[in-house]
Structures are given as structure tokens and as C-alpha cells.
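This report concerns only the one structure given below.
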Amino acid sequence: MEANGFVSRRVDTPSVDAGVTAGATGADIRWLGGRILDATEGFVGGLSPPRLTAEPDFAAVLQLRAAPEPTVSATETEIDYEGLPQGVATSTHMLAGAVAGIMEHCLMYPIDCVKTRMQSLQPQPGARYRNVMDALRQIVRTEGVWRPVRGLNVMAIGAGPAHALYFACYEKLKFSLSNVVHPGANSHFANGMAGCMATVLHDAIMNPAEVVKQRMQMYNSPYRGVSDCVGSIWRREGPGAFYRSYTTQLTMNVPFQALHFMTYEYLQELLNPHRQYNPSSHVISGALAGAIAAAATTPLDVCKTLLNTQEALAVHAEVPGALGVGASVGTASATGGRHISGLGEAFRTVYRMGGGAAFFKGVQARIIYQMPSTAISWSVYEFFKYVITKRQYERRLHHRDGEK
């Protein structure tokens, strides 16, 4: 995950490019798009990667000022540019993260609906699908064109603040932990730890939205809308029902995000070694990281879906004949009977009803959902972060020019 399109570099020899002069060795220069900043953030001249060259539209050349460090090695040292540039508020990451989260969940919501249904342990005859496209066709044909996006509004409301905290926390913690674990360099361990910690905040906000969303996505869901679903759960199961799957969600998302972030950062080192704003590398890295993490954590996702939906046939599996074939997801809560709680009980129920194969129900839909989701999330996040930060620097430059 690259931030802002900036790359910091140190050079210890004067520039020989036309239009750029370096009066002092050890000068600190920084990328902004195709331009260069000195240590005090003054524009030096136009540069174009991978080779420093003067751009014709920048005739005026400003003098480089020496960096505070007295000595710099002859080897060019590249600094991770994901840290916030000086003067850029954390709100940059929060705004970019909120936009990315909302777009990710909204654009991929129909596939998420299919994933939830395909993870049903005992699907009813009308909810048995061969694959993702077959599921979408059947849902639209038998339940209406808007059925796949039912519950989208509650997901959008939860995704904004959840992803704002998620990305802002990740950026801050990754930078801080990297300095402790491996000063001056990128650390995969720090990336994974930062992703895990950010997940705790993200899931605390998203878990209630996930519960409502998945209950509305199930086949024959009895709820008229989001408010009816929230009210019904609150009255019949209590407020704890909104966090019944929180520990399972964390158990799933902590390894998911650790694997996701470490894979993403590793792929970025291969595809985007200079850590510049590169949309294609963000899309490819995000998609592959999402697919690998999604496949590895599918068993936990199946258990989370069971805890969220409290699927009636699964809840009453120990009582033969307690429910008819037409029972819906809401029947279990409506009867006021027992509920499945805890990851251990969910694991036992899944295994009892479907064996080992049941833990990978919906894996195809989960991968198909996660690949574009993470690609959208990373590319949108990086784009907005780059645009927002670039505008802040341009504003600062115009203000400095106005004072002169």
C-alpha cells in the first residue's frame, strides 16, 4: 500500500541533469508526481523516473539545501514513502479509506449475497445453486432484480467509519512498528501486526452491520427492512446478538488481514519497487492478496456466517422434526429457543452437518468476491490518498509563492 505518490531519496553527488543544480552534497530530495522537492519542500525542478532529467516547463531552478545529516553513504537509500508526509493530517488516510470501503462493499455486494447463501449448511430447494452466476440468475428471476442488493444501505453506513479507522490505524502503526522492528526499511512482520491491530477497530464497527446484512441476504428472510431486522434481533435475542460472532470474526480476520497485508506488501516490492503511485500494481497486488487470504480463511468465514444468521435447521439439528423443510432463517430467533454461540460450537455444528467439505462451502464465491473487492479497495484508497496529498502540497506551494 503506497501512500501519496511520494518517494524520499538521498543523493550525495551534485546533479548533472540540465536544469537541476545541487549546491550541497547529501541533499535530501523528494518526489511529487514528476517534480522534485528539496529537504525544506521547495520545488527544485521537473524529474521523470526512472532517470533524473529536467523537464522543459520548469526553467527556474532553486538551490538544494543540505540535509541535517552530515554524512550519507554513496549508495542511494530509498525510504518507504507510505509514511505521512510532514504536515499531512491523518484525515487524509481516513477520508481515502472511507471512500474505498464504501465503494468496495457497494460494488461487490451482489456477490457477497451469493456467498452468504452458498455457505448455508442446509439450503432449501429454492436456494441451491451450482455456481455464482447460476445463483445470481436464480435470485433475480425468482425474487426480483433488487434482491441481491437487499441490506446494502446498512453495509454502506458501517463501511465508511470502519474503513476510515482501518486504513488510518494501519498507516500509523505500520510506520511506527517498522521503525522498531527494522529501522529505515520495510518490515513484513510490522505490516502484518499493523493489519491485525487495525482489524480489531474495523470489526468492532462492522460486526453489527454484518449481522443485519447477512440475515437480510438469506433465502426467505422474514424481515421487511433494516430497521425491522435490527428491532427484531434486539427484542428477541438482545443486544449481545450483534456481537455474537465478534470473536469468530476477529479469529478469521486477524490471520486474513495479516496474510493479506504481508502478501500485498511483498507483491508491491516485486511490482512497484520504487513505491510510486502505480494503479496497475495496486490492482494486481490487491487482487492476488485478497484471493490467497480469502481461500485460506474460508472455514472460519463459514462459521461466522452460521453465528450471524443462526440458520434454523442448523440450530435445531439436534432435535429431529423440530422444524419443517420450509423453515426460514428467522425461525430460530422467533422461537426464542437455543442459539449457537462461540467458535467451538459453530465448528462442531458445521462438521456434524456437512463433514470436512462443509468448511469450504462458498469458497468460489468468497474468492470471486474478495479479488475485485481488495483490488477496488486498494486502488481507490491509493488514488484518493495521492490526489488529496498532492493537492495539499500544491496549495502549500501556491501559498509560499504568494508570500514571495
Side-chain angles (χ1 to χ4, degrees), residues 108-152 155 210-223 229 232-233 244-245 248 252 294-295 297-335 337-341 343 345-370:
M108 298 306 301
Y109 193 83
I111 306 298
D112 186 49
C113 175
V114 171
K115 176 188 74 73
T116 298
R117 293 196 179 193
M118 293 184 77
Q119 288 180 339
S120 174
L121 296 177
Q122 292 290 332
Q124 299 177 40
R128 292 174 183 169
Y129 314 112
R130 293 190 302 273
N131 51 52
V132 175
M133 291 307 300
D134 177 59
L136 284 173
R137 281 195 296 267
Q138 283 196 47
I139 293 172
V140 171
R141 186 176 67 251
T142 60
E143 303 175 54
V145 68
W146 297 110
R147 188 70 180 192
V149 294
R150 195 165 184 256
L152 175 63
M155 207 60 193
E210 282 278 346
V211 172
V212 175
K213 175 206 74 172
Q214 289 199 302
R215 295 209 181 190
M216 295 189 68
Q217 287 175 335
M218 291 295 285
Y219 182 74
N220 275 347
S221 175
Y223 308 108
C229 182
S232 177
I233 295 172
R244 187 178 286 130
S245 65
T248 301
M252 175 187 73
T297 56
T298 295
L300 290 165
D301 192 50
V302 172
C303 294
K304 182 208 75 173
T305 297
L306 176 60
L307 289 169
N308 280 345
T309 60
Q310 293 294 307
E311 189 179 351
L313 291 173
V315 171
H316 296 274
E318 296 176 352
V319 187
L323 290 173
V325 176
S328 68
V329 66
T331 309
S333 59
T335 58
R338 65 182 294 274
H339 301 288
I340 296 173
S341 60
L343 180 59
E345 187 178 359
F347 256 98
R348 288 192 297 272
T349 304
V350 171
Y351 184 78
R352 185 175 64 249
M353 298 193 69
F359 289 104
F360 288 91
K361 289 175 74 70
V363 64
Q364 179 197 43
R366 180 164 164 78
I367 293 174
I368 292 174
Y369 168 77
Q370 285 294 344

(Q) Evaluate R117 against V114 for side chain to side chain contact (heavy atoms under 4.5 Å, CB included), listing each step before the verdict. (A) CA-CA 5 Å; R117 293 196 179 193; V114 171; 5.9 Å; no
Requested in this report: Ignoring hydrogens and angles, tell me if any N or O in the side chain of R366 forms a donor-acceptor pair with the backbone of K115 under 3.5 Å.
Outcome: no
CZ of F360 to OG1 of T298, rounded to nearest 0.5 Å, is 6.5 Å
Q. Does the side chain of E210 come under 3.5 Å of the side chain of N308 through a donor N or O and an acceptor N or O?
A. no
T349 side-chain N/O to E345 backbone N/O, donor-acceptor pair under 3.5 Å:
yes
d(Q217 CD, Y109 OH) to nearest 0.5 Å is 4.0 Å
When every non-hydrogen atom of L307 is compared with those of S245, the smallest separation belongs to CB-CB, 3.8 Å
Smallest heavy-atom separation, K361 atom then Q119 atom, equals O-CG, 3.2 Å
Note: F347 and L300 closest approach over all heavy atoms is CE1-CD2, 3.9 Å
Here the pair of heavy atoms bringing G144 nearest to P148 is O-CD, 3.8 Å
In this structure, CE of M118 is separated from CG of N131 (nearest 0.5 Å) by 7.0 Å
Here the pair of heavy atoms bringing L306 nearest to A346 is CD2-O, 4.0 Å
OG1 (T305) and CD (Q310) are apart, to the nearest 0.5 Å, by 11.5 Å
Separation between CZ (R130) and CZ (R128), nearest 0.5 Å, reads 14.0 Å
| task | Mark yes or no for whether Q370, through its side chain, and I367, through its backbone, hold a donor-acceptor pair below 3.5 Å. | result | no
Minimal heavy-atom distance between T116 and Q214, with the atoms involved, is OG1-NE2, 3.3 Å
With no hydrogens and no angle check, just 3.5 Å: does a side-chain donor-acceptor pair link R147 and T142?
no
inquiry  = side chain to side chain contact (heavy atoms under 4.5 Å, CB included), that's the test. Do V363 and V302 meet it? Break it down for me.
reply    = CA-CA 9 Å; V363 64; V302 172; over 6 Å; no
When rounded to the nearest 0.5 Å, the distance separating CG of D301 from CE of M252 is 4.5 Å
